[in-house]
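Let me begin by presenting the structure, written as structure tokens, before commenting on it.
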There are 2 protein chains.
Amino acid sequence: MLTYNIHHVAIAVENLDDAIAGFKSRYNVTPISRETVHDQGVTEAMIPIGGSYVQLLEPLSQESPVGRFLSQNGEGMHHIAFAVHDIESALAHLKETGARLIDETPRVGGGGHRIAFVHPNDLAGTLMELVEVEHD
Amino acid sequence: MLTYNIHHVAIAVENLDDAIAGFKSRYNVTPISRETVHDQGVTEAMIPIGGSYVQLLEPLSQESPVGRFLSQNGEGMHHIAFAVHDIESALAHLKETGARLIDETPRVGGGGHRIAFVHPNDLAGTLMELVEVEHD
């Protein structure tokens, strides 16, 4: 399995517009996309920083996973996503190593990418996502 | 201010060796450096992934900031660090915008880089670090 890049770092926020304005003002970075992903119950903004993104996540409802995260933890980092070239082989490898997969098979995430989540209790208390991306 | 890359994503862990072994086994990535930074009360391992790093942090004591983080939150993402070319001008800009700086002036962090932290209450509940890096 080759993990060739940090695709994004996701941050859960209460208000997407406020967070976008804060990143613009302070770090002079702006989103290149904004998308509602109903499957994950979020509206997400992707802010490119170098070859990676900061992904800002605003929940569609308090009962969504990100809504519950905000209720329990407040705003903050939610997950880290690694770019992979072949998500099926990456998931097969993770399963072999005993990783606890949230998604046994890929589903479609933001930007139309095939994605899968790996449980945070599995390694370093950190929710991890795989994002399948074409070779550069 | 130009933030040109995600320098690293830091994850607080109880045991550095266990976390390194987990990342090696599951994601086939390994640290290029391991360093004790007494000023921050941590031993840190830097795992290169693409143009960024995952930084694993093990506290030197329970009373250190990362030790207290672990006591309160358990293992998980601790901060995100942005690479900047000129940390003084970046800090000046942040201060102008009303950001709450933990370090008003740079200090020396891992790898000998000049670094500074920005308070998590300041934007998106996320502890942010600036790392001064030479132009590529």
Part of residues 115-123 of chain B lying next to chain A, heavy-atom separation under 4.5 Å: B:V118, B:D122, B:L123
Proximal to chain A - members of residues 65-74 of chain B, heavy-atom separation under 4.5 Å: none
B:E88, CD: over 12 other non-hydrogen atoms inside 6.0 angstrom: yes
Sidechain-backbone polar pair: A:H93 side chain, B:N28 backbone, donor-acceptor under 3.5 Å: no
Pairs where residues 32-44 of chain B contributes a residue and the test side-chain hydrogen bond (donor to acceptor under 3.5 Å, both in side chains) is met, not counting sequence neighbours: B:D17-B:R34, B:T36-B:T43, B:D39-B:R107, B:E44-B:Q55
hydrophobic_cluster_shared for A:V37 and A:L57, side chain cutoff 4.5 Å: yes
Contacting moiety of A:Y53, where chain B heavy atoms sit under 4.5 Å: backbone
Path from A:I102 to A:V131 over hydrophobic side-chain contacts below 4.5 Å: yes
Worked verdict on B:L130 versus A:Y27 for side-chain contact (heavy atoms from CB on, under 4.5 Å): CA-CA 10 Å; B:L130 305 179; A:Y27 297 100; 4.0 Å; yes
Interatomic distance, A:L94 atom CG to B:R26 atom CZ [nearest 0.5 angstrom]: 7.5 Å
Closest heavy-atom pair and its distance - B:V13, A:A124: CG1-CB, 3.8 Å
Whether A:F82 and B:F23 hold their rings parallel, tilted or perpendicular, with breakpoints at 30° and 60°: perpendicular
Choice from A:E96, A:M77, A:H78 maximising heavy atom contacts with chain B below 4.5 Å: A:M77
Sequence-distant partners of B:T105, side-chain contact (heavy atoms from CB on, under 4.5 Å), two or more places apart: none
Heavy-atom contact with chain B under 4.5 Å, split by part of A:I11: side chain
Largest heavy-atom contact set with chain A, pairs under 4.5 Å, which of B:V9, B:D18, B:T126, B:L56: B:T126
Co-membership, hydrophobic cluster, residues A:V54 and A:M128, 4.5 Å side-chain: yes
B:I6 to A:I49 - nearest heavy-atom pair and separation: N-CG2, 3.7 Å
B:I87 with B:I80, same ILVMFWY side-chain cluster at under 4.5 Å: yes
